[in-house]
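No hydrogens, no waters, no symmetry mates; every other heavy atom, side chains included, goes into these values.
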Amino acid sequence: MRLPLGARISIAAERARRWEFWPAWLYYGPIVVWILWLGVRHRRPTVFTAANPALDAGGVVGERKFQALSPLQDNAPDLVATCELLPCGDGDIRLAAALRFAARHGYPVVLKPDVGQRGRGVFIARDAEAVRAYLARFGGAVITQRYIGGEEFGIFIARMPGAAQVQILSIVHKTFPTVTGNGRSDLRALILADARARLSADTLFVRWGDTLHRVPAASERVPLVEIGAHCRGSLFLDATQLATPALVATLTRLTDAVPGYAFGRLDLRVTSAEHLQRGEGLRVLELNGVTAESAHIYHPDTPLLDGYRAMFRQWSLAFEIGAAQARLGAKVTGPVELLRLFREDLSRGQQWF
């Protein structure tokens, strides 16, 4: 549904003023220059791909999510949202496996591509028909995962080889915007009237599709987003102050359970911020690699220079850890191979919503 011209101009102006909504090609220019300089300084332009030997190319691009989740399930099942891999192949076999998983763990279940990023292709299925429709649409390898309620956080960690504990670089609290009905306005109008939601109106209009003309009842709260991705409309709040020794200890045990995982963002859910600080009840949804972001930088009104400082620090550590891992024998993915992987990912992204 296309917005009126006046609304499009107003929203575009507000998004331009707030760098958290800038397109990646614009924001990442200085970061790319910094990465190139680090490559010259380390004399190996892609040594950062060795930072996570547990992941393909260190988790830079094209990594398989189940590659890291599988050892975590084996070695620390209390720290992960249970999941299974549905490989490419016979559609009936995949569907049967997904429905068996749902029967064991209950609905809703989360479905997502084994290879994906930024919430691409992630879907919450609430019944068998939704599972069937998703698998019929996408033939690639898919993960089916137990749905975990609670608060969602992204924690960026780093760990040099031989270090006793992980280092927490960033904690972001991923919150899901809502609108409240008044019994008169339809969902479309409520989105456009909300100061935050209107900035993601195009994405939200696609998300809600034919239900935009529904009029929520007075006082009815409508959650607009279910996926913890900033580009899908989630609000990211800086929660780095929640780091505690107890949390560090739990995250250290978690990385011990995935040999070769040392640098990236853990996306997880937990009952509350208090449980997070105590390091209790965490359930990891994904283990992301080198190109994941210290997402606290997307806290509204964070100064642009603060965002760059955090990303420059992150990439400096990626090179340092990658170089240390490479000295221990970890594989470094070369520039030509890395470019090929990026090209594959661009074509892959066209099939996911």
Side-chain angles (χ1 to χ4, degrees), residues 11-42 48-49 51-52 58-61 117-120 151-159 166-177 195-200 202-203 225 227-243 247 251 262-268 273 276 286-322 342:
I11 291 171
E14 180 66 12
R15 288 174 65 97
R17 186 184 70 82
R18 302 170 69 162
W19 70 265
E20 63 169 304
F21 291 104
W22 288 1
W25 62 264
L26 177 60
Y27 172 66
Y28 264 86
I31 298 171
V32 170
V33 173
W34 180 247
I35 293 170
L36 293 173
W37 161 242
L38 289 171
V40 171
R41 195 169 77 183
H42 283 267
F48 55 84
T49 61
N52 289 313
V60 173
V61 63
Q117 56 187 351
R118 294 182 177 271
R120 190 171 67 192
E151 300 293 321
E152 186 163 339
F153 293 87
I155 306 178
F156 205 108
I157 60 98
R159 190 178 190 182
V166 303
Q167 175 186 2
I168 294 177
L169 304 186
S170 162
I171 303 178
V172 64
H173 185 193
K174 301 181 179 185
T175 65
F176 307 119
R196 177 77 187 187
R198 69 193 301 269
L199 300 180
S200 301
D202 285 343
T203 298
V225 180
I227 305 300
H230 186 267
C231 61
R232 301 301 175 102
S234 293
L235 173 62
F236 283 12
L237 302 176
D238 186 358
T240 307
Q241 75 280 0
L242 297 179
L247 177 58
L251 297 179
F263 186 84
R265 193 184 67 241
L266 318 171
D267 291 332
L268 56 87
L276 182 75
E286 290 186 6
L287 294 169
N288 302 286
V290 170
T291 48
E293 296 169 313
S294 297
H296 74 286
I297 63 175
Y298 292 117
H299 185 102
D301 298 321
T302 295
L304 178 60
L305 288 180
D306 286 357
Y308 280 132
R309 287 190 191 98
M311 292 301 293
F312 287 177
R313 177 192 182 205
Q314 174 185 317
W315 276 98
S316 295
L317 280 171
F319 271 86
E320 289 175 18
I321 294 174
F342 272 111

Between A239 and F153, the two heavy atoms sitting closest are CB-CE2, 4.3 Å
Problem set entry | Note, L247 side chain near L242 side chain (heavy atom, < 4.5 Å) | no
Please examine the side chains of V172 and I155, heavy atoms only from C-beta on, and report whether any two atoms are closer than 4.5 Å.
no
d(Y298 OH, S234 OG) to nearest 0.5 Å is 13.0 Å
- Task: Using modelled atom types only, decide if a donor and an acceptor are shared between the side chain of R265 and the backbone of E293 within a distance under 3.5 Å.
- Result: yes
Check: Is the shortest heavy-atom distance from the side chain of M311 to the side chain of I297 under 4.5 Å?
Finding: yes
Heavy-atom nearest pair, N52 first then G289, reads ND2-CA, 3.8 Å
*Between N288 (side chain) and V290 (backbone), is there a donor-acceptor pair under 3.5 Å?*
no
Correct closest heavy-atom pair for L199 and E14 would be CD2-CG, 3.3 Å
When rounded to the nearest 0.5 Å, the distance separating OG1 of T291 from CZ of F342 is 6.0 Å
*asked:* Quick one: does any side-chain atom of T175 pair with a main-chain N or O of L235 as donor and acceptor, under 3.5 Å?
replied: yes
Item to check | Side-chain (S316) to main-chain (F312) donor-acceptor, under 3.5 angstrom | outcome: yes
In this structure, CG of L287 is separated from CG of L268 (nearest 0.5 Å) by 9.5 Å
query: With a 4.5 Å limit on heavy-atom distance, are the side chains of W19 and L26 in contact?
result: no
| task | Side-chain contact test, heavy atoms from C-beta onward, threshold under 4.5 Å: evaluate it for Q314 versus F156 and give yes or no. | result | yes
- Query: Got L317 and L169 here, is their nearest side-chain heavy-atom distance under 4.5 Å?
  - Reply: yes
Q: Look only at the side chain of S200 and the backbone of A197, and say whether a donor-acceptor pair between them is shorter than 3.5 Å.
A: no
Minimal heavy-atom distance between A262 and A51, with the atoms involved, is CB-O, 3.7 Å
Report yes or no: do H296 and T240 form a side-chain donor-acceptor pair below 3.5 Å? no
dist D238:CG -> S294:OG (nearest 0.5 Å) comes out at 10.5 Å
Student check: side-chain heavy atoms of W315 and I31 closer than 4.5 Å:
yes
Worksheet item: Do NZ/NE/NH1/NH2 and the carboxylate oxygens of E20 and R196 come within less than 4.0 Å?
Response: yes
ask   = Within the side chain of D267, is there an N or O that forms a donor-acceptor pair under 3.5 Å with the backbone of E286?
value = no
- Does R159 reach the side chain of Q167, with side-chain heavy atoms less than 4.5 Å apart? no
Is the W22-Y27 ring centre distance short of 6.0 angstrom?
-> no
Which is it for L276 and E151 under the side chain to side chain contact (heavy atoms under 4.5 Å, CB included) test, yes or no, and what are the steps along the way?
-> CA-CA 9 Å; L276 182 75; E151 300 293 321; over 6 Å; no
Next on the checklist: Quick check: F263 with F48 (ring centres under 6.0 Å apart)?
Outcome noted: no
CG of D202 to CD1 of I11, rounded to nearest 0.5 Å, is 7.0 Å
